[in-house]
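Inspection log for the structure reproduced underneath, given as structure tokens.
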Amino acid sequence: MGKDRKIGVAVDFSKGSEMALKWTIDNLLEPGDTLFLLHVKHSQENESRNLLWSPSGSPFIPYEELRDPEVMQKYEVKFDHELLALLDQGFRQKEVNVVGKIYWGDARDKLCEAVGDLKLDCLVMGSRGLGTIQRIVLGSVTSHVVANATCPVTIVRDPNVHGF
């Protein structure tokens, strides 16, 4: 991959997704890259917004607006302080473009669609560390995306979590 890459990070505000963002900043981003923060909401109470944005997701949300609580409140998303600190680090130190995009629906399907729609060069995701039994019962977003995405997918695991 060369410069001006499009790199996606799936963000659900869990520790795993924060680790994925940190790993991406520390190991993958280069000046000129575009970092897409992808967040999928399970349901949308505002029916008109759901009809408008459900197929393609929200409009692109620039870095400055991601930091604005009033703008994010309109999307019913609240970024935590640790994630914003990581974004600041990536934005300033790595000289990258940061863009957010919110989708509504099943995370497995929407992340795979985002890879194609945004023409991502790669996608980075955190792992919740589900064990075999939990994965069978609950399903695994990461397993589905790894199997179906049209770009390389990197899974960042929390070394302190051990599934059973």
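Salt bridge present: D88 and R67 bring a charged side-chain N and a carboxylate O closer than 4.0 Å. A salt bridge is absent between D106 and K110; no separation between the charged side-chain nitrogens and carboxylate oxygens falls under 4.0 Å. Comment: R5 engages D33 in a salt bridge, judged by a side-chain N to carboxylate O separation of less than 4.0 angstrom.
Residues passing the ring pair (Phe, Tyr, Trp, His ring centres under 6.0 Å) test with F60, sequence neighbours excluded: F36.
Side chains of V146 and I155 form a contact here, defined as non-hydrogen atoms less than 4.5 Å apart. Inter-residue side-chain proximity for V40 and L111 is flagged as met; some heavy-atom pair is nearer than 4.5 Å. A heavy-atom distance below 4.5 Å is not found between the side chains of V115 and V153. Between T154 and L123 there is no side-chain heavy-atom pair separated by less than 4.5 Å.
In summary, the aromatic rings of Y75 and H39 are positioned with their centroids too far apart to meet the 6.0 Å limit.
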**Request:** Report the C-alpha separation of L35 and L29 in whole Å, then their side-chain angles, then the decisive distance to 0.1 Å, and conclude whether the side chain to side chain contact (heavy atoms under 4.5 Å, CB included) test is met.
**Result:** CA-CA 8 Å; L35 173 64; L29 289 179; 4.1 Å; yes
**Asked** Yes or no on side chain to side chain contact (heavy atoms under 4.5 Å, CB included) for H144 and C112, after CA distance, side-chain angles and deciding distance?
**Response** CA-CA 9 Å; H144 180 85; C112 289; 4.0 Å; yes
**Prompt:** Does the side chain to side chain contact (heavy atoms under 4.5 Å, CB included) test come out yes or no for Y103 and L38, once each step is laid out?
**Reply:** CA-CA 8 Å; Y103 294 89; L38 307 173; 4.1 Å; yes
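Nearest heavy-atom pair across L120 and C151 is O-CB, 3.5 Å.
Put simply, the side chain of K101 gets close to the backbone of S58: a donor and an acceptor are under 3.5 Å apart.
Because its NZ or CZ atom is not both nearer than 6.0 Å to the ring centre of F91 and within 45° of the ring axis, K94 does not count as a cation-pi partner of that residue.
Atom CD in E113 sits 11.5 Å away from atom CG in N148 (nearest 0.5 Å).
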